[in-house]
Amino acid sequence: MEANMPKRKEPGRSLRIKVISMGNAEVGKSCIIKRYCEKRFVSKYLATIGIDYGVTKVHVRDREIKVNIFDMAGHPFFYEVRNEFYKDTQGVILVYDVGQKDSFDALDAWLAEMKQELGPHGNMENIIFVVCANKIDCTKHRCVDESEGRLWAESKGFLYFETSAQTGEGINEMFQTFYISIVDLCENGGKRPTTNSSASFTKEQADAIRRIRNSKDSWDMLGVKPGASRKSSSSTELMYLLHLESFSCYLQILKGTLSAEDQG
Ligand code: GTP
Ligand code: MG
């Protein structure tokens, strides 16, 4: 049996799963969980001390799901406490604050911490991750846009949702999709359903798209010297140019530079 497989009381009917939250301190992990479970929002910051634990029941299709939620403290000070809780997890809620670039940049470090704690035999492939780009209500302070967050998440085969624990936007949709994906995973013998990966990018594709999104002009976007043409290019450059030219329309759409008329 897969190490991540949850315990079943009645095979095929009720299911018990473990879910954890991860992400920097103050990004809104506890508030997201509170919004979904208690339908309320607390604006005062009450840092989680170590771990908060809760149990909730949800229904997915005809199944009753008992969810054990371990809400982790994001502060580095609590590393020793939370490192005990990564094992036997079926779902991870990975949160960043769209107004705090550091919290977005830290997502890789959170995955690395989990990987390290699971050890060489731990399998992160069979866990459902949902990325929450939280605090979307704070539009004035937003510095991580949707495409950047979505690209990071989808390049890893993770779900992605824009959320606000304050207004409730995206919260129910996020949890519903998250739980459905976990049930699908359990019904698929503990393996991530392959249908999820259709929207995913490989690491190379994601790196290329990131480079393109950050490029300063069309030459930079194509990865060639300014002024390069089919005639003036070396054979290697020419191959690269021709190869990239065929994608340039798609890339410009990605960069958001094509107007609706241009596309027509
Ligand atoms: P730790 O427990 O320290 O790891 O933090 P946390 O990630 O659990 O953050 P918490 O949920 O306690 O929220 C931190 C602060 O952000 C609080 O003051 C919340 O009220 C606020 N907050 C959380 N979510 C949102 C949101 O969607 N919008 C706004 N405007 N504020 C939010
Ligand atoms: Mg908390």
So, taking the atom named [atom1] in [X] and the one named [atom2] in [Y], what distance separates them when rounded to the nearest 0.5 Å?
{"X": "Glu64", "Y": "Arg16", "atom1": "CD", "atom2": "CZ", "value": "10.5 Å"}
{"X": "Glu146", "Y": "Glu162", "atom1": "CD", "atom2": "CD", "value": "4.0 Å"}
{"X": "Leu94", "Y": "Leu107", "atom1": "CG", "atom2": "CG", "value": "4.5 Å"}
{"X": "Ile17", "Y": "Asp88", "atom1": "CD1", "atom2": "CG", "value": "13.0 Å"}
{"X": "Met22", "Y": "Thr89", "atom1": "CE", "atom2": "OG1", "value": "9.0 Å"}

Worksheet entry | Shortest non-hydrogen separation from Asn126 to Leu185 and the atoms involved | O-CD1, 3.4 Å
Response to the item:
On a heavy-atom basis, the closest approach of Ile33 and Ser21 is CD1-CB, 4.1 Å
Item to complete: Just grab all the salt bridge (charged side-chain N to carboxylate O under 4.0 Å, His left out) pairs involving residues 35-49, residues at least two apart or on different chains.
Response: Glu38-Arg40
Decide whether [X] and [Y] are clustered together by the hydrophobic rule: side chain heavy atoms of Ile, Leu, Val, Met, Phe, Trp, Tyr closer than 4.5 Å, transitively.
{"X": "Ile180", "Y": "Val19", "result": "yes"}
{"X": "Ile69", "Y": "Val42", "result": "no"}
{"X": "Phe41", "Y": "Val98", "result": "no"}

Would you check if [X] and [Y] make a side-chain contact, meaning some heavy-atom pair closer than 4.5 Å?
{"X": "Cys132", "Y": "Ile93", "value": "yes"}
{"X": "Trp152", "Y": "Tyr160", "value": "no"}
{"X": "Leu111", "Y": "Phe158", "value": "yes"}
{"X": "Thr48", "Y": "Met72", "value": "no"}
{"X": "Val131", "Y": "Lys156", "value": "no"}
{"X": "Arg82", "Y": "Ile51", "value": "yes"}
{"X": "Asp97", "Y": "Glu26", "value": "no"}
{"X": "Asn68", "Y": "Val55", "value": "yes"}

In a table with atom names and distances, give each donor-acceptor pair under 3.5 Å that connects a side chain of residues 73-80 to protein atoms at least two apart or in another chain.
unit_1	atom_1	unit_2	atom_2	d
His75	ND1	Phe77	N	3.0
Tyr79	OH	Glu117	OE2	2.4

Applying side chain to side chain donor-acceptor pair (under 3.5 Å), can you list everything that pairs with [X], at least two apart in sequence or on another chain?
{"X": "Tyr36", "value": "none"}
{"X": "Tyr45", "value": "none"}
{"X": "Gln100", "value": "none"}
{"X": "Lys101", "value": "Asp105"}

Fill in: Main-chain N/O of Ser14 paired with Lys66 side-chain donor or acceptor, under 3.5 Å
no
Discussion item. Applying side chain to side chain contact (heavy atoms under 4.5 Å, CB included), can you list everything that pairs with Cys138, at least two apart in sequence or on another chain?
Written reply: Lys135, His141
Discussion item. Taking side chain to side chain contact (heavy atoms under 4.5 Å, CB included) as the definition, give me every residue that meets it alongside Asn24, ordered by chain and number, with sequence neighbours left out.
Written reply: Val27, Ser103, Ala106, Trp110
Practice prompt. Report yes or no: do Tyr86 and Glu113 form a side-chain donor-acceptor pair below 3.5 Å?
Written response: yes
Practice prompt. Output all residues satisfying ring-ring contact (aromatic ring centres under 6.0 Å, His included) with Phe161, sequence neighbours left out; order by chain, then residue number.
Written response: none
Discussion item. Which residues pass the ring-ring contact (aromatic ring centres under 6.0 Å, His included) test with Phe70, not counting sequence neighbours?
Written reply: Tyr53, Phe85
Practice prompt. Just do the side chain to side chain contact (heavy atoms under 4.5 Å, CB included) check on Arg142 and Ile136 with the steps written out, would you?
Written response: CA-CA 7 Å; Arg142 183 156 192 169; Ile136 55 164; 3.5 Å; yes
Item to complete: Report the C-alpha separation of Lys115 and Asp108 in whole Å, then their side-chain angles, then the decisive distance to 0.1 Å, and conclude whether the salt bridge (charged side-chain N to carboxylate O under 4.0 Å, His left out) test is met.
Response: CA-CA 10 Å; Lys115 197 170 177 16; Asp108 282 310; over 6 Å; no
Fill in: Trace of the side chain to side chain contact (heavy atoms under 4.5 Å, CB included) decision for Val144 with Tyr96
CA-CA 10 Å; Val144 185; Tyr96 69 93; 3.9 Å; yes
Worksheet item: salt bridge (charged side-chain N to carboxylate O under 4.0 Å, His left out) with Asp137: which residues, sequence neighbours excluded?
Response: none
Worksheet entry | side chain to side chain contact (heavy atoms under 4.5 Å, CB included) assessment of Lys18 paired with Ile182 | CA-CA 10 Å; Lys18 176 180 168 184; Ile182 294 175; over 6 Å; no
Atom pairs and distances, donor-acceptor, side-chain atoms in residues 165-177, under 3.5 Å, two or more places apart:
unit_1	atom_1	unit_2	atom_2	d
Thr167	OG1	Ser164	OG	3.2
Thr167	OG1	Glu169	N	3.2
Thr177	OG1	Glu173	O	2.8

